[in-house]
There are 2 protein chains.
Amino acid sequence: MKFSKATNYALHTMLYLVAAPAGKSIGVRPLAEFQNVSPTYLSKILTQLVKAGLIASTPGVHGGYRLAKSKDAISFLDIIQAVEGTASLFECGPGHDAGFHEGCLIRSVMARAEDRMERYLQEQKLIDLVDRVDGHMLEFIRREAQ
Amino acid sequence: MKFSKATNYALHTMLYLVAAPAGKSIGVRPLAEFQNVSPTYLSKILTQLVKAGLIASTPGVHGGYRLAKSKDAISFLDIIQAVEGTASLFECGPGHDAGFHEGCLIRSVMARAEDRMERYLQEQKLIDLVDRVDGHMLEFIRREAQ
DNA sequence: ATAATCGTAGACAAATCGAATCTACAATTA
DNA sequence: TAATTGTAGATTCGATTTGTCTACGATTAT
Ligand code: SF4
Ligand code: SF4
């Protein structure tokens, strides 16, 4: 039970895009180098974010990725679910016969626990990052992004 | 990012033990049959619960497993962590150079999100199950346990 | 004691999933 | 037209999860 590395890459990429000059497209190469990951693999992950409507991509010479919505409209939960999917964390498969699951408390407790985490992640927006982030990190990213 | 099946088995076993007559040891066979899982595999999972001090085991003819603590002293979190471990859900491995991680907000957001879920799971005790559980389920278990 | 019962441990095998690579392709711009 | 850049799919690699099998140790009934 761990968040995948893909989620890690997605979050770091979004942080990078948040810190980059608004409207500027960033190629996958600097994004990948920044995280020591292969560009093609990162591209595959970012395509999921594109399909989720969080970022936009443009091909061509000065193409790349940029945010598709305002920084206060993109939550951590959006990013994570775009990569990990929205399925329930607790799979209560058909272990025994039906009629048994009525009012089951295991399931409701697990669902609520997951909901607690998701609600918090939904409250945390990208704008919170750029507001409170340590200057050191932003400088680094901006230098890389020119 | 899903809870393992082992966690599922552990939770259902604990529910069974909660519903069983107090003090009575339940063999691994009925517990395994109840969930359609192999007895030896389930035993391996339950051994983790034993080592965590949540249940106790006794060999011999009338042996089996029973709760090792009172029902209000065992939380969902105890059970889950005994099986899944206590490592952080978000692994922010060494992606880039040091000095970068100071005051990182990705990490703190993810840690807090996890904490939200864990705190809720810690509040939910086994006693809450037996208090509010649907009678249908308890009857089934009690019938099986004689 | 002895034998039956039951949990424990470890080696091992199978299946699943995550991570990553490679290659060919499509879209855009200079 | 050529260079650049993202996209898509097949495929490989490795780790983890899940499960089996077998031998062992502890307890109890006879
Ligand atoms: S008893 Fe509850 S947790 Fe178990 S399978 Fe049924 S609904 Fe799911
Ligand atoms: S920047 Fe933050 S999330 Fe990324 S590796 Fe450093 S501490 Fe972890």
Side-chain angles (χ1 to χ4, degrees), chain A residues 1-13 17 24-33 35-68 80 82-85 87 89-91 93 95 145, chain B residues 1-10 12-13 17 24-33 35-68 80 82-85 87 89-91 93-95 145:
Chain A
M1 168 80 160
K2 271 186 185 277
F3 287 101
S4 67
K5 282 193 170 191
T7 292
N8 188 314
Y9 296 147
L11 287 172
H12 282 83
T13 297
L17 293 181
K24 178 169 169 41
S25 281
I26 309 287
V28 74
R29 238 187 309 271
L31 291 170
E33 197 174 325
Q35 307 177 56
N36 294 326
V37 64
S38 130
T40 55
Y41 183 45
L42 182 60
S43 172
K44 178 166 303 188
I45 297 164
L46 297 189
T47 297
Q48 298 182 270
L49 298 181
V50 170
K51 287 181 175 161
L54 305 181
I55 61 180
S57 66
T58 52
V61 293
H62 287 116
Y65 297 95
R66 67 192 181 280
L67 296 183
I80 292 169
V83 176
E84 303 263 356
L89 295 184
F90 181 72
E91 184 77 38
Chain B
M1 168 83 160
K2 271 188 185 267
F3 286 101
S4 67
K5 283 192 168 190
T7 292
N8 188 314
Y9 296 146
H12 282 83
T13 298
L17 293 182
K24 178 167 167 42
S25 282
I26 310 288
V28 75
R29 236 186 309 271
L31 292 171
E33 195 175 327
Q35 308 177 55
N36 295 324
V37 63
S38 128
T40 55
Y41 183 46
L42 182 60
S43 171
K44 180 167 304 189
I45 297 164
L46 296 188
T47 297
Q48 299 182 269
L49 298 181
V50 170
K51 287 180 176 163
L54 305 181
I55 61 179
S57 66
T58 51
V61 293
H62 287 116
Y65 298 95
R66 67 191 181 281
L67 297 183
I80 292 170
V83 176
E84 303 262 355
L89 294 185
F90 180 72
E91 184 76 39

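In what follows, chains are A, B, ... by sequence order, proteins preceding strands, each numbered from 1.
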- Item | Residue mapping more 5' on DNA chain C - nearest nucleotide basis, H62(A) or H62(B) | H62(B)
- How do V61(A) and S4(A) order along DNA chain C: which one's closest nucleotide is nearer the 5' end? S4(A)
- Would you call the rings of F90(B) and F3(A) parallel, tilted or perpendicular, where under 30° means parallel and over 60° means perpendicular? perpendicular
Inter-residue atom distance [X].[atom1] - [Y].[atom2], 0.5 Å rounding:
X      : Y      : atom1 : atom2 : answer
L42(B) : T13(B) : CG    : OG1   : 4.5 Å
M1(B)  : L89(B) : CE    : CG    : 5.0 Å
I45(A) : Q35(A) : CD1   : CD    : 8.5 Å

- Quick one: stems for DNA chain D, with Watson-Crick or G-U pairs under 3.5 Å, at least three in a row? C:1-17 with D:14-30, C:19-30 with D:1-12
Provide the closest heavy-atom pair for [X] versus [Y] in the form atom of the first, atom of the second, distance.
X      : Y      : result
N8(A)  : E91(B) : ND2-O, 2.8 Å
V28(B) : P39(B) : CG2-O, 3.6 Å
S4(B)  : E84(B) : N-OE2, 2.8 Å
K2(A)  : A87(B) : NZ-CB, 4.1 Å

- Message: Mind checking if Y9(B) touches a base, just sugar-phosphate, or nothing, with heavy atoms under 4.0 Å?
- Response: sugar-phosphate
- Query: Using a cut-off of 4.0 Å on non-hydrogen atoms, how would the nucleic acid contact of K51(A) be classed: base, sugar-phosphate, or nothing?
  - Reply: sugar-phosphate
- Item | Set of side-chain contact (heavy atoms from CB on, under 4.5 Å) partners for K44(B), sequence neighbours left out | none
- For chain B, the stretch of DNA chain D it reaches, first to last nucleotide, under 4.0 Å of its heavy atoms: dT18(D) to dA29(D)
- Query: When you look at V37(A) and K5(A), which way does the side-chain contact (heavy atoms from CB on, under 4.5 Å) test go after all the steps?
  - Reply: CA-CA 10 Å; V37(A) 64; K5(A) 282 193 170 191; over 6 Å; no
- Query: Contact boundaries of DNA chain C with chain B (under 4.0 Å, heavy atoms), 5' to 3'?
  - Reply: dT5(C) to dA11(C)
- Item | Comparing V50(A) and M1(A) on DNA chain D - which has the more 5′ nearest nucleotide | V50(A)
- Query: In residues 37-44 of chain A, which residues come under 4.0 Å of DNA chain D by heavy atom?
  - Reply: S43(A), K44(A)
Validation: residues 46-66 of chain B side-chain donor-acceptor distances under 3.5 Å, sequence neighbours left out:
unit_1	atom_1	unit_2	atom_2	d
T47(B)	OG1	S43(B)	O	2.8
Y65(B)	OH	S43(B)	OG	3.4

